[in-house]
Amino acid sequence: MFDEALLWRDSGDDMENAELEEKLLERLRARDERAFNELVKAYERRVFGLVFRMLGSRAESEDLTQEVFVQVFKAIGTFRGESKLSTWVYRIAVNLCKNRAKYLRVRHTGEQDELEEVAERVPLGQARGANVGQIERPDEMVAGKQVEAIVAQAITEIDPTFRECLILRDVEELSYEEIGEITGLPPGTVKSRIFRARAQLKELVEKRLGEKIR
């Protein structure tokens with residue numbers, strides 16, 4: 001049985017991980033339904049988190065997350081292993097998000113009316129790469145969730161051109177090279193967009209908090 005936990009291993013036996021991934025790919029290409037279910041189980045939470053932070057709507061994100069895996073299954077025969085499987089899945093997710101965001105802007109239905117609850121639904125503290133400490137006191141816990149909600153809302157207001165790079169780097173903790181593979185951007189452009197996105201995010205959060213952030 002494929003060990004999905006190995007998909008997120010940051011260190012260890014890279015050769016073993018590659019072999020496990022190749023076995024999964026063989027089964028996916030053979031249209032093995034159980035392999036597809038394993039893929040969904042291993043990736044769906046992080047794909048949803050990525051999509052939700054890019055779109056800001058839970059309903060839209062749930063629908064689009066399903067569409068990501070439909071597209072992955074349809075296109076798996078075209079995947080040649082030139083990048084990691086996770087990178088390829090993210091590329092599909094990001095491209096679908098861009099298309100959906102354009103559609104929502106045209107239809108004027110992109111209001112993000114659910115983000116005040118984002119800290120409870122998809123807490124940044126549970127996201128890979130988020131540095132949110134454990135909060136013991138109830139008053140600090142409430143304050144922490146409020147800040148997370150403010151940050152989550154602010155992320156959706158960053159220029160879309162910069163937002164995807166910020167999410168991939170600071171939330172998903174992907175390397176500049178992986179982000180380049182996903183977005184098709186050169187490393188220098190990726191770094192520049194992340195820098196500008198962080199500056200925009202800091203300004204937006206400070207405005208809401210009414211104080212400067214160090």
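Just so you know, these numbers use all the heavy atoms, side chains as well, and skip hydrogens, waters and symmetry mates.
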Run Ser86 and Glu21 through side chain to side chain contact (heavy atoms under 4.5 Å, CB included) and show every step you take. CA-CA 10 Å; Ser86 58; Glu21 184 171 289; 5.8 Å; no
Within this structure, what is the [atom1]-[atom2] distance for the pair [X] and [Y], rounded to the nearest 0.5 Å?
X      : Y      : atom1 : atom2 : result
Glu148 : Ile150 : CD    : CD1   : 11.0 Å
Cys97  : Glu60  : SG    : CD    : 10.5 Å
Glu164 : Ile158 : CD    : CD1   : 12.0 Å
Ile167 : Ile155 : CD1   : CD1   : 6.0 Å
Leu24  : Arg34  : CG    : CZ    : 12.5 Å
Tyr176 : Cys165 : OH    : SG    : 10.5 Å

From the list Leu85, Val68, Leu50, side chain to side chain contact (heavy atoms under 4.5 Å, CB included) partner of Tyr43 resolves to Leu85
What residue among Glu177, Glu82, Glu178 forms side chain to side chain contact (heavy atoms under 4.5 Å, CB included) with Thr87?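 Exactly one candidate clears the test, Glu178.
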Passes side chain to side chain contact (heavy atoms under 4.5 Å, CB included), Trp88 versus Val72? Steps please. CA-CA 9 Å; Trp88 185 67; Val72 166; 3.7 Å; yes
side-chain hydrogen bond (donor to acceptor under 3.5 Å, both in side chains) contacts touching residues 180-201 (sequence neighbours left out):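 Applying side-chain hydrogen bond (donor to acceptor under 3.5 Å, both in side chains) to every pair that reaches into residues 180-201, excluding sequence neighbours, yields Asp170-Arg198.
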Please check if the number of heavy atoms outside Glu22 that lie under 6.0 Å from its CD is greater than 12. yes
Surrounding NZ of Lys207 (heavy atoms of other residues, nucleotides or ligands, distance under 6.0 Å), is the total greater than 12?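 Open: at most 12 neighbouring heavy atoms sit under 6.0 Å from NZ of Lys207.
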Are Val151 and Leu209 connected in the hydrophobic side-chain network, where two residues link if heavy atoms are under 4.5 Å apart?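 Hydrophobic grouping puts Val151 with Leu209.
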Between Tyr90 and Glu172, does any side-chain donor sit less than 3.5 Å from a side-chain acceptor? yes
Side chains of Glu157 and Gln153: is there a donor and an acceptor less than 3.5 Å apart?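 Checked: Glu157/Gln153 side chains pair up, N/O donor to acceptor below 3.5 Å.
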Apply side chain to side chain contact (heavy atoms under 4.5 Å, CB included) to residues Leu185 and Ile179 and explain how you reach the verdict. CA-CA 8 Å; Leu185 299 170; Ile179 297 171; over 6 Å; no
Apply the test salt bridge (Lys or Arg N to Asp or Glu O under 4.0 Å) to residues Arg27 and Glu38: give CA-CA distance (whole Å), side-chain angles for both, the deciding distance (0.1 Å), then the verdict. CA-CA 11 Å; Arg27 294 168 57 205; Glu38 290 168 16; 3.1 Å; yes
Taking [Y]'s backbone N and O only, do any of them form a donor-acceptor pair with [X]'s side chain (distance below 3.5 Å, no angle check)?
X      : Y      : value
Asp32  : Leu28  : no
Thr65  : Ser61  : yes
Arg208 : Glu203 : no
Arg163 : Ala197 : no

Phe52 six-ring centre to Arg58 NZ/CZ under 6.0 Å and within 45° of normal: no
Partners of Thr161 by side chain to side chain donor-acceptor pair (under 3.5 Å), sequence neighbours excluded?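 Here the qualifying residues are Asp159.
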Results of side chain to side chain donor-acceptor pair (under 3.5 Å) for Glu26 - residues two or more places apart only: none
So Phe69 and Phe36, would you call those rings parallel, tilted or perpendicular, with 30° and 60° as cut-offs? perpendicular
Shortest non-hydrogen separation from Thr156 to Gly56 and the atoms involved: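 Heavy atoms only, the tightest pair is CG2-CA, 4.2 Å.
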Looking only at heavy atoms, which two atoms of Ala154 and Leu201 are closest? And how far apart? CB-CD1, 3.6 Å
I would like to know whether Glu206 and Lys202 meet salt bridge (Lys or Arg N to Asp or Glu O under 4.0 Å); could you show each step before the answer? CA-CA 6 Å; Glu206 286 179 342; Lys202 184 173 182 290; 2.7 Å; yes
Go through the steps for Gln71 and Glu67 under the test side-chain hydrogen bond (donor to acceptor under 3.5 Å, both in side chains), then give the verdict. CA-CA 6 Å; Gln71 293 300 321; Glu67 180 61 22; 2.6 Å; yes
When you compare the side chain of Val190 with that of Ile194, does any pair of heavy atoms fall below 4.5 Å?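 In short, these two side chains touch, coming nearer than 4.5 Å.
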